[in-house]
Every structure is written in structure tokens, then in C-alpha cells.
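Scope of the values below: all heavy atoms of this structure, side chains included, with no hydrogens, waters or symmetry mates.
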Amino acid sequence: MAQDFSLFDRVVHKAYTITRPVLAKTRRSKLNNVDFTIISNNCWGGVVYEHFGLPKLSPTVGLYFFADDYIKFVKNLKYYLSLNIKMIKASDSRHADELHNRGQDDVPVGVLDDVEIVFLHYKNAEVAKEKWERRVGRVNWNNLIIKFSYMNGCDDAILEEFEAIVQQYPKSVVFVPKEYPEYHNAYVVPGLPNGQIGDDTFHFKRYVDILSLINSHETNIR
């Protein structure tokens, strides 16, 4: 189910996209560091790097995880990033039925042990594999930002597990479709009728202060 945005939103977004390269340097000057790694469950991290005109110091760009896969990935991040990624066809994925329903039959899928990654914005498996391997080598383990969203099969149990996992990281953020007052780093993004968030990249900076997230040394950036 796709997120629906108004014509006004789309026009504003188009203007932002056109001016982004011009204004990136000014935005970048407000950062107190530019060598951070965003580990994201979807394309959100890549959009943030582009917003500031920064190199993508993360392999989690142009792709997405189903929620259960992402939790496993983040829980043992160094282990999974130490593995050689194997590329398979979408039809061979354990998520094959859902990928078919999304019209993503031709999208390459990467496998790291028991974790699958959907390389949504890559034209073929070779390009996806090359980009992944190159960007794994760029990860700054001393400056990680962990980002998750209530999407792609997330439920409250998975959200609770994520909150427990990220206590080990200095900075994290999670986007949720409703208030979760028990989680101090949860930010509400309008959800879909099925209770999932459909898109958190179109308005990627509307719901959280990205500058504060990057610049802060604290998990709680409110």
C-alpha cells in the first residue's frame, strides 16, 4: 500500500530536489561532524546524506529490510556486516509472495546468513553487491546513528525488541504511526489504514530535527 501525497506536497518536494545540491553546502556547515554512519531499515539514511551533500558512509542505502530481518541485523550488526553478501532472485526470497504483491519481482535480494535485504533501487544484483561491499568498508563504528520505522511487517513486539537493542547505541531514532510515550526516541509519522508507515523518506526531515540527531551526543534529542 503506497503513501498518498497531495499535489502541493509533490510540487514542494520537486522544488526541494532541484535546489538540494545548491543548498547542501550551507546545510553541511551546520554539522559538527560529517563522518557519521546511518544504519537504516530503508532509504531514509541515503536521503539524509544527499540532503547534506555527503558521501554515503553506510551500506543501507537504496534498499529496505522487512522488520524481522532488520531487528536481527541490528542486534548483531558487526557479525552481519562481516559476511559476504549473497544475491538471490526475488522469487527465491522467503518474502517472495509479498514482493510479488508489491510488484517487485525483478528486484535483487541480498542474503546475509538468515537476513534478507531488498535492493529496491538497484538495476541488477551485480551493482547492488558492488555498492554494498564498497559501503560496508566506509562504516564509522565510532559514530553510528540507528534508525527504524514501524513498517514492512513491524508490530509492537518488534518495536519493543528494537528499543531494547538500541540501548547500546548513543544515538537512535524510530518512526511510529501513533504515540508510544514509553519510548523517548519515538517520533510519530502518519501511518496507513493497516497500521504501518508507508513512506518516511518523502518528508524525511519533517518529524525529527535531523541536525540535532547528528550533532547530539545523547539518545534523547527532544
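Side-chain contact between Phe175 and Val208 is present, with heavy atoms from C-beta onward closer than 4.5 Å. In this structure, the side chains of Leu77 and Tyr169 come closer than 4.5 Å at one or more pairs of heavy atoms. Taking 4.5 Å as the limit, every side-chain heavy atom of Phe119 sits out of range of all side-chain heavy atoms of Lys131. Residues Thr60 and Ile117 form no side-chain contact, since every pair of their non-hydrogen atoms from C-beta on lies 4.5 Å or further apart.
Remark: side-chain polar atoms of Arg138 are not paired, donor with acceptor, to backbone N or O of Ser58 under 3.5 angstrom.
Shortest non-hydrogen contact noted between Tyr80 and Asp113 is CE2-CB, 4.0 Å. Listed here is the closest heavy atom pair of Leu159 and Cys154: N-SG, 4.2 Å. Closest heavy-atom contact between Leu57 and Thr37: O-OG1, 2.7 Å. Here the closest non-hydrogen pair linking Ser40 and Lys147 is OG-CD, 3.2 Å.
Looking only at atom types and distance, the side chain of Asn185 has a donor-acceptor partner in the side chain of Ser172 under 3.5 Å away. Side-chain contact check for Glu130 and Tyr122: no donor-acceptor pair (N or O, by modelled atom type) lies under 3.5 Å. Using modelled atom types and a 3.5 Å distance limit, the side chains of Tyr70 and Asn42 yield no donor-acceptor pair. Residues Tyr207 and Asp200 bring no donor and acceptor atom of their side chains to less than 3.5 Å of each other.
Remark: aromatic rings of Tyr150 and Phe148 are distant, center separation not under 6.0 Å. Not less than 6.0 angstrom separates the ring centroid of Tyr187 from the ring centroid of Tyr180. Taking the six-membered ring where the residue is Trp, the centroids of Phe65 and Phe73 are separated by under 6.0 Å.
Around atom CG of Asn33, more than 12 heavy atoms belonging to other residues, nucleotides or ligands sit under 6.0 Å away. The local environment of CD in Glu160 is sparse, with at most 12 non-hydrogen atoms from other residues, nucleotides or ligands closer than 6.0 Å. Within 6.0 Å of atom CG in Asp155, more than 12 heavy atoms from other residues, nucleotides or ligands are found, so the atom counts as buried in its surroundings.
Checked for salt-bridge contact, Lys89 and Asp92 miss the test: no charged N lies under 4.0 Å from a carboxylate O.
For the side-chain contact (heavy atoms from CB on, under 4.5 Å) test with Val107, the passing option among Leu120, Leu99, Leu63 is Leu120; the others fail.
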